[in-house]
Amino acid sequence: MENKITLHDKTFKLFIPNEKIEQAIDAVAARLNADYADATDEDPVILLCTLNGAIIYAAELLKRINFPLVLKACKLSSYAGTKSTGYIKTEVPLPANLQGRRVIIVEDIVDTGSTIVVLKDLLQAANVRDAKVCTMLVKPEVYKKSVKLDYVAMEIPNRFIVGFGLDYDELGRNIKDIYVLDE
Ligand code: IMP
Ligand code: MG
């Protein structure tokens, strides 16, 4: 693994090695397997992957989850470059027929929380039975919203990161480790 990488005009340095990320995912998956052990084929849990950033996290969770689930996806976006715009666009709408279902929202990272607040409202409006938030990362110094983050794999400081699904203007998603902007 490289110590430094360049994407577009910026340099990033190694921050969280893949092995650490996978260990944190193991712990989250163990909690999910315990909490959703009552799911059945007739009443599977909806794993709602938020595109594109959460793809790798969702895949890693899928490999570890042992209860019945249905994989769905949606896409909301708020980021341009390295800053949240605070304005949320729906690029791929929520799946239909969520009424009465238990949903686990799989997010890559909660930053300002604008995205997760909108998503929770949309799920409530769709009359889900329950919606939990399962995010790989959170920036606690930034996140001040009241939506509960039920499952958090790792907390990070208020820095811009890439890798393991996260991008800088679409580049860097395919990097196995997490890198932080070198300022
Ligand atoms: P929020 O709405 O401000 O919580 O932003 C959430 C979304 O912004 C995440 O799902 C990411 O797609 C993106 N995002 C937030 N922080 C970062 C970062 O450090 N690197 C890359 N993308 C980020
Ligand atoms: Mg995202």
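In each ligand, atom 1 is the first atom listed, and ligand 1 is the first ligand listed. Count residues from 1 along the sequence. Since the model is a prediction, treat every value here as computed from it, not as a measurement. We use all heavy atoms of the structure for the numbers below, so side chains are in, but hydrogens, waters and symmetry mates are not.
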Original post:
Looking only at heavy atoms, what is the nearest atom pair of Asp167 and Phe160, with distance?
Top reply: O-CZ, 3.4 Å

Original post:
Counting heavy atoms only, which part of Asp167 comes closer than 4.0 Å to ligand 1: side chain, backbone, both or neither?
Top reply: backbone

Original post:
Under a heavy-atom criterion of less than 4.0 Å, does Gly113 contact ligand 1?
Top reply: yes

Original post:
Given the rule that I, L, V, M, F, W and Y join up when any side-chain heavy atoms are under 4.5 Å apart, are Val142 and Val133 in one cluster?
Top reply: no

Original post:
Among Ile178, Asn52, Asp108, which one has a heavy atom closest to atom 12 (O) of ligand 1?
Top reply: Asp108

**OP:** Return the set of residues passing ring pair (Phe, Tyr, Trp, His ring centres under 6.0 Å) with Tyr36 (not counting sequence neighbours), or none when no residue passes.
**Re:** Phe67

Subject >> Min N/O separation Val162 to ligand 1 under 3.5 Å >> reply: no

Original post:
If only atom types and distance count, is the side chain of Asp150 paired as donor or acceptor with the main-chain N or O of Cys134 below 3.5 Å?
Top reply: no

**OP:** Considering the heavy atoms of Ile161, write down every atom of ligand 1 situated less than 4.0 Å from one of them.
**Re:** 18 (C), 19 (O), 20 (N), 21 (C)

Original post:
Going by the order shown, which atoms of ligand 1 are within less than 4.0 Å of some heavy atom of Lys139?
Top reply: 16 (N), 17 (C), 18 (C), 19 (O)

Subject >> Carboxylate-amine/guanidinium contact Asp169 Lys10, below 4.0 Å >> reply: no

Subject >> Sub-3.5 Å N/O-N/O distance, Leu166 and ligand 1 >> reply: no

**OP:** Heavy-atom contacts with Glu107 under 4.0 Å: which atoms of ligand 1 show up? List them by number with element.
**Re:** 10 (O)

Subject >> Selection residues 60-69 - residue pairs positive for side chain to side chain donor-acceptor pair (under 3.5 Å), sequence neighbours left out >> reply: Glu22-Arg64, Asp26-Arg64, Glu60-Lys63, Glu60-Arg64

Original post:
So which heavy atom on Thr90 is nearest to which on Leu76, and how close?
Top reply: OG1-CD2, 3.5 Å

Original post:
Which atoms of ligand 1 have any heavy atom of Thr115 under 4.0 Å away?
Top reply: 1 (P), 2 (O), 5 (O), 6 (C)

**OP:** Could you tell me whether Arg102 and Asp38 have a side-chain N and a carboxylate O separated by less than 4.0 Å?
**Re:** yes

Subject >> Nearest neighbour of atom 1 (P) of ligand 1 from the list Thr112, Leu76, Val138, Asn158, on a heavy-atom basis >> reply: Thr112

**OP:** Give the atoms of ligand 1, by number and element, whose distance to some non-hydrogen atom of Arg159 is under 4.0 Å.
**Re:** 19 (O)

